Amino acid sequence: MISLLPLMLERVGILLIVAILLSRLKSFRNIVNHEDGVTDKIRLIVIFGAFGVISNYTGVEIRGGSLIASQAWQTWIETDGAIANTRIMGVVIGGLIGGPAVGTGVGLIAGLHRFTLGGFTAVACGMSSILAGIATGYLGKRIRLRESSALWRAVVIGLLMECTQMATILLVARPFEAAAALVEVIAVPMIFINGFGTLLFMLIIQSIIREETRTRAHQTQLAFAIADQTLPFFRQGLNPHSCREAAEIIRKQTNADAISITDRHHVLAHIGAGSDHHVALQPISTQLTRQVLEEGSAGKAATREQIQCSKPDCVLQAAIVLPLKVLDRTVGTLKLYYKKPSRLDQAEEELAEGLSRLFSTQLELAEAERQRRLLKDAEIKALQAQVHPHFLFNAFNTISALCRMDPEKARTLLQQLSVFFRSNLQGARQTVVPLYKELEHVRAYLSLEQARFPDKYSMRMEIDPALEEIGVPPFTLQPLVENALKYAFPAHAEPGRSEITLRAYREQDKMVLVTEDNGRGIPGELLAALGSRTVESLEGTGTALYNICKRIDELYGAEGDFRIESKPGAGTKVTIRLPIHHSHWGETHVESFDRG
């Protein structure tokens with residue numbers, strides 16, 4: 001029994017050397033980490049079935065309870081003979097990695113081969129190998145190889161399968177006396193050696209899995225680092241400048257020899273090898289890229305011919321081309337080129353695919369931001385459109401009437417009308433304007449209204465001069481004053497009693513803008529809705545208030561505040577709080593604007 005141990009260790013050593021060599025092969029590592037496909041399972045059956053066959057050939061022959069040490073492979077066993085081997089180890093590992101299909105396949109190969117070698121234990125050993133493969137395959141479904149506990153579970157399973165083989169020999173092999181004598185000699189060494197071999201083999205498998213996990217973690221970290229560096233450029237959309245900067249970053253961080261980014265028709269940037277004919281702003285020259293644009297799925301080329309470049313002697317011999325998508329529509333491609341096909345390995349493919357998804361997300365964010373800006377511009381234009389045509393007609397009528405009675409005042413009103421409409425045009429083109437510009441807009445509007453209705457109301461402004469150059473969203477104060485004039489006071493209000501107050505003051509790091517009137521107030525049922533949505537009423541829709549509130553929320557988020565307070569018969573107060581120092585999407589509200 002003791003003399004069998006070193007011989008069995010030698011046999012285990014042979015298998016482990018083969019296992020270590022296999023673990024260095026990329027194809028074997030890929031199978032271990034991605035054995036979901038039918039082809040991968042067939043390969044595992046072949047590999048571990050071969051381990052079982054080698055174990056049979058390298059076994060130690062035992063005849064009449066005595067060891068027959070031989071360096072030759074065991075190609076035939078005498079009728080009264082048997083072999084001690086490590087066959088069960090390969091069957092167990094195959095079943096644990098590949099599941100029932102692989103376990104059964106490996107067990108059949110190893111068991112049937114053992115049966116062909118002969119000996120009085122041929123049937124028993126063949127049966128036990130097949131049963132071990134089936135049992136281990138189903139047990140393997142419950143074991144996650146990445147968990148540390150999987151190592152010892154595998155060892156226990158290996159020990160149990162070897163014990164099962166000993167029991168099968170006792171039950172099936174005849175004569176029983178010979179079977180019992182054989183088990184007495186081989187049981188302890190084979191159970192120990194197969195358990196030990198399973199432990200070492202599982203350590204190799206787990207090292208492959210851990211290395212794959214580390215590689216994936218590194219690739220993920222690298223992908224996020226590249227995405228973080230390219231974010232400012234892809235947020236600008238697909239254009240030659242942004243794509244050139246992004247391509248340079250990607251080339252430095254990957255093993256690719258060249259990086260190209262295209263839209264649907266042109267090469268927007270090409271950095272690296274092949275720049276002599278892969279020229280930016282030229283039409284797309286490779287058939288592989290056109291195919292990816294049409295199909296919307298990744299394309300891979302392992303030869304120069306598969307790339308189908310327009311230049312026959314192009315130095316680029318391998319490529320992976322990935323679609324860039326915005327809302328499921330392919331808008332361009334990301335291409336990684338290599339001079340040697342061997343450099344385009346699975347890690348590079350997975351990194352490229354991850355980058356493609358991240359860049360597509362960045363482009364979607366850029367498109368969403370563009371749509372947000374368009375919406376904001378549309379809302380500003382909607383505010384402009386609220387300038388009722390009657391206001392323009394009434395202003396012209398008023399000025400016309402004054403031309404003979406008071407030409408100087410008519411001239412002043414024409415200037416104010418010019419200021420009013422110039423403010424409208426400037427506001428439509430800008431996200432923020434200086435407070436003094438918004439106040440000019442208000443004063444121009446008031447001067448025209450007061451010319452029409454002298455002494456109908458009074459306007460009081462209390463403005464902190466230090467705030468006049470702070471930025472505010474355009475069309476913020478003028479619509480509030482206009483609302484007060486239209487809806488706050490009765491049509492036949494007593495002259496001099498209607499008053500509007502406009503204040504601007506600093507409160508810590510906020511600018512507070514208050515528009516207040518002493519009019520009839522807002523009914524309670526309307527007050528809660530104003531600012532949060534449009535409403536339908538006899539007096540108006542509340543669109544101006546809603547647009548102002550929404551723009552403040554978009555520009556300032558939680559830092560901005562829009563509040564309406566009102567009591568029937570006591571008037572209405574609208575308070576706006578804006579941060580004095582604020583940056584949003586690259587737009588900065590600064591402390592000064594050029595006057596002029």
Side-chain angles (χ1 to χ4, degrees), residues 25-40 42-43 212 215-216 218-220 222-223 226-227 230 238 243 246-247 249-275 277-278 283-325 328-361 363:
L25 297 178
K26 184 171 68 175
S27 57
F28 179 73
R29 300 167 74 86
N30 290 340
I31 292 172
V32 170
N33 286 292
H34 312 281
E35 41 75 32
D36 296 329
V38 174
T39 303
D40 291 336
I42 292 173
R43 289 174 179 170
E212 169 73 7
T215 301
R216 286 178 176 274
H218 173 71
Q219 297 292 71
T220 301
L222 180 59
I226 294 173
T230 57
L238 291 178
C243 290
I249 292 170
I250 299 168
R251 191 179 70 85
K252 290 178 180 178
Q253 299 282 0
T254 65
N255 292 325
D257 294 302
I259 301 293
S260 278
I261 301 175
T262 76
D263 58 15
R264 290 194 62 85
H265 305 289
H266 297 89
V267 177
L268 298 177
H270 183 96
I271 301 295
S275 298
H277 60 285
H278 292 273
I284 293 171
S285 60
T286 60
Q287 186 60 35
L288 180 61
T289 304
R290 297 191 189 98
Q291 180 181 336
V292 171
L293 287 168
E294 291 173 5
E295 298 177 358
S297 57
K300 180 183 174 183
T303 64
R304 183 189 291 120
E305 291 72 25
Q306 290 177 346
I307 297 176
Q308 299 181 31
C309 180
S310 58
K311 187 175 181 180
D313 60 343
C314 180
V315 296
L316 303 173
Q317 299 188 26
I320 180 168
V321 183
L322 300 121
L324 297 175
K325 297 186 176 183
D328 294 326
R329 177 178 173 270
T330 303
V331 297
T333 63
L334 168 67
K335 301 189 285 185
L336 283 74
Y337 287 109
Y338 302 84
K339 293 181 180 179
K340 295 181 179 179
S342 59
R343 299 186 68 181
L344 178 53
D345 55 19
Q346 184 173 357
E348 285 290 299
E349 287 184 42
E350 292 180 355
L351 173 61
E353 290 171 0
L355 289 175
S356 170
R357 290 190 290 271
L358 287 170
F359 294 159
S360 294
T361 301
L363 290 172

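One-based numbering along the sequence shown. Just so it is clear, the structure is predicted and the values come from calculations on it, not from any experiment.
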- Item | Side-chain heavy-atom pair Leu238, Cys243 within 4.5 angstrom cut-off | yes

- Query: Roughly how far, to the nearest 0.5 Å, is CG of Leu336 from CG of Leu355?
  - Reply: 7.5 Å

- Query: Does the side chain to side chain contact (heavy atoms under 4.5 Å, CB included) test come out yes or no for Thr289 and Lys335, once each step is laid out?
  - Reply: CA-CA 8 Å; Thr289 304; Lys335 301 189 285 185; 3.1 Å; yes

- In terms of heavy-atom contacts, does NZ of Lys252 have more than 12 from other residues, nucleotides or ligands at under 6.0 Å? no

- Message: Ignoring hydrogens, what is the shortest heavy-atom contact between Leu334 and Ala352? Give both atom names and the distance.
- Response: CD2-O, 4.4 Å

- Task: Measure the spacing between CG of Asp257 and NZ of Lys339 and express it to the nearest 0.5 Å.
- Result: 5.5 Å

- Heavy-atom closest pair, residues Val315 and Gly274: CG2-N, 4.1 Å

- Task: If the plane angle is over 60° it's perpendicular, under 30° parallel, otherwise tilted; pick one for Tyr337 and His278.
- Result: tilted

- So which heavy atom on Ala247 is nearest to which on Ala269, and how close? CB-CB, 4.4 Å

- Item | Side-chain heavy-atom pair Ile284, Thr333 within 4.5 angstrom cut-off | no

- Query: So which heavy atom on Cys314 is nearest to which on His277, and how close?
  - Reply: SG-NE2, 3.2 Å

- Message: Does Asp328 have more than 12 heavy atoms from other residues, nucleotides or ligands lying within 6.0 Å of its CG?
- Response: no

- Minimum-distance pair of heavy atoms, taken over all atoms of Ser297 and Pro323: C-CD, 4.0 Å

- Note on the structure: Rounding to 0.5 Å, atoms CZ (Arg264) and CD (Glu294) come to a distance of 8.0 Å

- Query: Hey, mind stepping through Thr262 and Val267 against side chain to side chain contact (heavy atoms under 4.5 Å, CB included) and telling me if it holds?
  - Reply: CA-CA 4 Å; Thr262 76; Val267 177; 4.3 Å; yes

- Message: So, taking the atom named NZ in Lys311 and the one named CZ in Arg304, what distance separates them when rounded to the nearest 0.5 Å?
- Response: 10.5 Å

- Going through the distances and angles, do Ile261 and Leu324 end up as a side chain to side chain contact (heavy atoms under 4.5 Å, CB included)? CA-CA 9 Å; Ile261 301 175; Leu324 297 175; 4.2 Å; yes

- Kindly compute the distance separating CG (Asn255) from CZ (Arg343), expressed to the nearest 0.5 Å. 5.5 Å

- Task: Could you tell me the separation between the CG atom of Leu344 and the CD1 atom of Ile320, rounded to the nearest 0.5 Å?
- Result: 6.0 Å

- Which atom names give the shortest non-hydrogen contact between Leu288 and Gln306, and what distance separates them? CB-O, 4.1 Å

